[in-house]
Amino acid sequence: MSRLLARRISVLALAAGVGAAGACRREPPPRSDGPTLIRLEPLVGRSELLGDGFLTKRRAIPAPVPSILSWPVRVPAGGRLETHLSFTRSIRDEPPGLACDVRVGVGEAGASEPVAVVERHVAPRGPWEPYIVDLDPWRDQDVQLSLSVDCSSSEGKRTWSDAVRWSVPVISGRRPEGVLNVLLLTVDTLRADHLGAYGYARPTSPNIDRLARRGLLFREAETPQSATWPALTSLHTSLYPSAHGVVWNGHDMPPGMVTLAELLHSRNYSTSAFLSNMKRARHPGFARVSGARAGDQAGDDLDATRTAIEQLRLEKDRPFFLWLHLIGPHAGYNPPAPWDTAFVPPGPSTVRGELDELVRIRQAGRPLAEADVAHVVGRYDGEVGRVDELLGQVLDTLRALDLETSTLVVFSADHGEDLYEHNQYFFHSPSMYDSSLDVPLILSLPGILPEGVETDQPASLVDLAPTILSLVGLPAFTSFQGRDLLPGGALASAPGPRPLFSETNGRIYGVRADGWRLIFNPENYTPGAPGGAYPIAPVELYDLAADPREQRNVAADHPDRVEALTAQITIWRDRDLRKDLPSQEIAPETLEELKALGYVFE
C-alpha cells in the first residue's frame with residue numbers, strides 16, 4: 001500500500017471515529033495555585049548556566065573559597081533540598097593533596113550556627129556532585145539554610161576568588177494536584193516511514209509503536225529545515241529558522257529569544273536536557289543541560305538515556321520538563337550488536353555504512369548497486385531499532401514511577417534522511433524533500449488525549465511549543481509562529497487544509513499543500529553537502545499523489561500551480577522571516593564536533 005493511500009484511509013477512519021475518541025476525553029484536573037518549587041537564587045547577583053568541565057551545565061551560583069551561602073526558608077511539607085557542587089579549572093588543576101570540606105547546614109531562624117546535616121571531605125576533581133537532603137523534619141518551620149566550602153592542602157588553608165559553583169538550590173514539596181509533566185523525546189535523523197506505527201514492515205520500533213497505540217499520531221508532520229540546530233531551535237522557540245536566526249548547524253541562538261523551557265521554568269517546572277547532539281548550543285531555560293560524552297554515537301545515546309532516567313527518578317515528586325535527544329540514526333550507520341545485523345539483507349556488500357565511506361562514494365560519483373543500498377538501509381534500520389530500545393527504557397521508567405497519567409509525552413525527530421532517493425545522497429541537510437523533511441509526531445497523555453488515533457492534520461515542529469503549553473494549561477507566547485494543534489485539548493474532527501513551510505540556509509524555500517510540494521530557489525543557489533554539491537533547481541514541483549518519492553519535477557506542466565504555491569511562499573517569507581540575518585562565526589570546539597558528524601566539509 002502506498003504511503004499516500006494509507007494516509008487517505010486514515011483520514012476516513014479518523015473522520016468516522018474521532019468524535020467518539022473526543023467524547024471519551026477526560027478534562028485535566030484543576031491546577032493548584034500553590035508553589036511547587038522554591039528556587040534559592042543568590043541574594044546578590046544572578047545565577048547563570050555554568051559547566052563542570054564534563055559536558056554538564058547547571059544554572060549555578062559562583063562562589064569563592066572559603067565561602068558560606070545562606071538563605072532564610074520556610075520549609076514546605078515533604079520538603080526536599082537538591083543542589084550540586086562543582087569546582088572550576090583554577091582549583092581542579094591544583095596538585096594532588098588539595099581537599100575541601102563541604103557542609104549543608106539547617107538551623108532555626110536567627111540561630112548563630114546552623115546544624116550540619118551533610119558533611120563531606122572531597123577532592124575537587126570530578127563532575128557535579130549531588131547534595132540531596134530530606135527537610136521534612138523542619139516542615140512548616142522558618143529555617144536558615146547554608147552551603148559552605150573550605151579547602152586546604154599540606155600548606156594549610158587556601159583561598160580562591162572564584163573556585164566553586166553551587167547549582168541553584170531547589171526545595172520541592174509534595175506534588176500539587178493537576179500539574180502535568182512534559183517528557184520530550186526527540187531522535188536525530190529519524191524517518192517516520194521507517195517506524196511500524198507509520199506502516200513500515202520491519203519491526204524496528206516496538207516501543208514507539210506502543211506509545212502510538214496509547215497516543216495521538218500525526219501522519220503529516222514536517223520539520224522546517226533538514227538540519228539539527230535550526231530544526232530543534234524552531235521546536236523550542238516556535239519560530240522558523242530565518243526568524244530565530246539559527247539557519248545552519250553551529251549558529252548560536254540570538255539573545256532575547258523566548259523558549260519553551262524558559263516559559264516552563266518560569267512556572268516552577270524543573271527543566272533538564274540530555275543531549276547526544278547539539279551539545280554546545282545555547283539552551284535557555286534549562287536548569288540542567290547534559291551532553292553525552294562517551295565519544296561514539298551508540299555510547300552517547302546510552303549515556304544520555306541513563307542520565308535522563310536518573311533525573312526522572314529525582315523528578316517523581318515535582319513538575320518537570322525533561323528533554324532527551326538521541327543521535328543513533330545519524331550517519332555513519334554503525335549500531336551495536338545485535339542491531340548491526342538485525343535488518344541487513346542476506347548476501348555480501350562492499351559498503352559498511354560508515355560516514356567517511358559514504359562521503360567518498362558520493363565524491364567519486366560511483367552509483368551504488370541496489371544490494372549495497374539495501375545493506376546501508378538495513379544498517380540505518382538497526383540504528384532505529386537500538387534507539388527504540390533505549391526509548392523503551394525511558395517509557396518503562398515513567399510507568400514504574402507511576403507518572404504515565406500525569407506526564408505529556410511528546411515524541412518526534414529533528415529531520416529525516418534521504419537514504420539515496422535524491423542526488424545519490426545518504427544524508428539530510430540541505431535536502432528539501434519528504435525523505436528529510438517528514439518527521440514522526442506522537443503525543444500521549446492517557447485519559448486526556450485520544451488513544452490509538454491517527455490524524456492527517458498538518459503539523460510542523462514550530463507547533464510543538466504552543467501545543468505543549470496549551471495542554472499543560474499555560475498560555476503561548478506572543479512571538480510564536482506555530483499554532484496549537486489541539487485547541488481546547490481536542491483534535492479537530494475535520495482537519496482543514498494548511499500549508500507546511502520549510503527552508504534551507506535561509507535561501508531556498510518550500511511548501512507542501514493540497515498534495516503538492518513546491519521548492520523555490522530564487523537565487524539558483526547550490527548548497528554544499530557531504531561528498532559534493534546538492535543541486536536544487538530554481539523551481540521544482542511534485543505531485544505527491546502520483547509521485548510520492550518526488551522523482552519527477554513537473555513544474556513545466558503546471559504553471560498555474562507553480563504560481564499559486566510560489567505566492568504562498570512569498571507571503572510567508574515576507575510575513576514571518578527576517579531578511580537581515582547576520583553572519584555568524586562558529587566556535588572552534590563546535591566546529592570540531594560538526595566535522596565529526598559530517599556537517600563541515602572541505
Side-chain angles (χ1 to χ4, degrees), residues 47-60 84-89 92 125-130 165 167-168 183-190 227-233 235-236 246 248-253 259-262 265 270-312 314-315 320-330 355 383 386-387 390-391 393-394 413-414 586-600:
S47 61
E48 53 187 310
L49 203 61
L50 299 172
D52 61 352
F54 298 87
L55 280 179
T56 295
K57 294 182 177 181
R58 294 180 184 272
R59 189 170 295 277
H84 304 77
L85 178 68
S86 74
F87 295 84
T88 63
R89 186 179 299 276
R92 289 204 310 268
R125 295 285 182 268
W128 293 99
E129 183 177 22
R165 295 162 173 179
S167 69
V168 172
L183 175 61
L184 173 62
L185 305 172
T186 56
V187 177
D188 214 291
T189 322
L190 179 61
T228 299
W229 291 45
L232 293 179
T233 304
L235 187 160
H236 286 281
V246 182
W248 188 238
N249 290 320
H251 287 185
D252 265 338
M253 187 192 306
T259 67
L260 173 63
E262 285 181 303
H265 185 273
S270 171
T271 56
S272 54
F274 303 87
L275 310 176
S276 294
N277 196 2
M278 203 182 174
K279 306 172 194 176
R280 299 188 184 276
R282 290 183 60 242
H283 298 289
F286 285 103
R288 174 183 182 179
V289 179
S290 291
R293 52 191 176 93
D296 63 273
Q297 289 180 194
D300 278 358
D301 280 351
L302 182 60
D303 181 31
T305 301
R306 284 175 173 170
T307 52
I309 287 174
E310 290 170 4
Q311 186 72 27
L312 263 182
L314 288 174
E315 305 288 16
F320 64 83
F321 171 40
L322 190 151
W323 174 33
L324 173 64
H325 181 73
L326 303 180
I327 194 175
H330 191 291
L355 176 63
E383 296 278 21
R386 169 57 171 161
V387 164
L390 295 176
L391 293 178
Q393 294 175 15
V394 177
D414 52 355
I586 300 176
E589 309 84 29
T590 302
L591 195 63
E592 288 304 311
E593 184 177 316
L594 296 175
K595 283 182 179 178
L597 292 168
Y599 290 136
V600 178

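These numbers come from a predicted model, not from an experiment.
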Kindly indicate whether the side chain of Thr56, heavy atoms from C-beta on, has any atom under 4.5 Å from the side chain of Thr307. no
Side chain to side chain donor-acceptor pair (under 3.5 Å) evaluation trace for Ser290 with Arg288: CA-CA 6 Å; Ser290 291; Arg288 174 183 182 179; 2.9 Å; yes
Check whether any side-chain N or O of Arg282 sits under 3.5 Å from a backbone N or O of Met253 as a donor-acceptor pair, and report yes or no. yes
Is a side-chain donor or acceptor of Thr259 paired with a backbone partner of His236 at a separation under 3.5 angstrom? no
With a 3.5 Å distance limit and no angle check, can you tell me whether Arg165 reaches the backbone of Thr88 through a side-chain donor-acceptor pair? no
Against Trp323, only a single residue in Leu275, Leu185, Val289 fulfils side chain to side chain contact (heavy atoms under 4.5 Å, CB included); can you say which? Leu275
Tell me, do Phe54 and Arg293 make a side-chain contact under 4.5 Å, heavy atoms counted? yes
Hey, could you give me the CG/CG distance between Asp414 and Leu235, rounded to the nearest 0.5 Å? 9.5 Å
Could you tell me which residues satisfy ring pair (Phe, Tyr, Trp, His ring centres under 6.0 Å) with Phe321, sequence neighbours excluded, listed by chain and number? Phe286
Closest non-hydrogen atoms of Pro329 and Glu383, given as atom of the first, atom of the second and distance, are CA-CB, 3.6 Å
Residues forming a ring pair (Phe, Tyr, Trp, His ring centres under 6.0 Å) with His325, sequence neighbours excluded: none
Shortest non-hydrogen contact from Trp229 to Arg280? CH2-C, 3.9 Å
Gap separating the CG atom of Asn277 from the CG atom of Asp300, nearest 0.5 angstrom: 9.0 Å
Is Leu326 close to Leu390 at the side-chain level, that is, under 4.5 Å between some pair of heavy atoms? yes
Which heavy-atom pair separates Ala261 from Thr271 by the least distance, and what is that distance? O-CG2, 3.8 Å
Counting C-beta onward and ignoring hydrogens, is there a side-chain heavy-atom pair between Thr233 and Met278 closer than 4.5 Å? yes
Quick check on Arg306: does its CZ atom have over 12 non-hydrogen neighbours (other residues, nucleotides or ligands) under 6.0 Å away? no
Which atoms form the tightest heavy-atom contact between Arg59 and Ser47, and what is the distance? CG-OG, 3.4 Å
So, Gln297 side chain and His330 main chain: donor-acceptor pair closer than 3.5 Å or not? yes
Step-by-step side chain to side chain contact (heavy atoms under 4.5 Å, CB included) determination, Arg58 to Ser86: CA-CA 10 Å; Arg58 294 180 184 272; Ser86 74; over 6 Å; no
If you take all heavy atoms of Asp303 and Ala294, which pair is closest and at what distance? OD2-N, 4.4 Å
Which heavy atom of Ala292 sits nearest to which heavy atom of Leu55, and what is that distance? O-CD1, 3.7 Å
Check whether any side-chain heavy atom of Pro230 lies under 4.5 Å from a side-chain heavy atom of Asn249, and answer yes or no. yes
Set of side-chain contact (heavy atoms from CB on, under 4.5 Å) partners for Leu312, sequence neighbours left out: Phe320, Leu322, Val394, Thr397, Leu398, Leu401
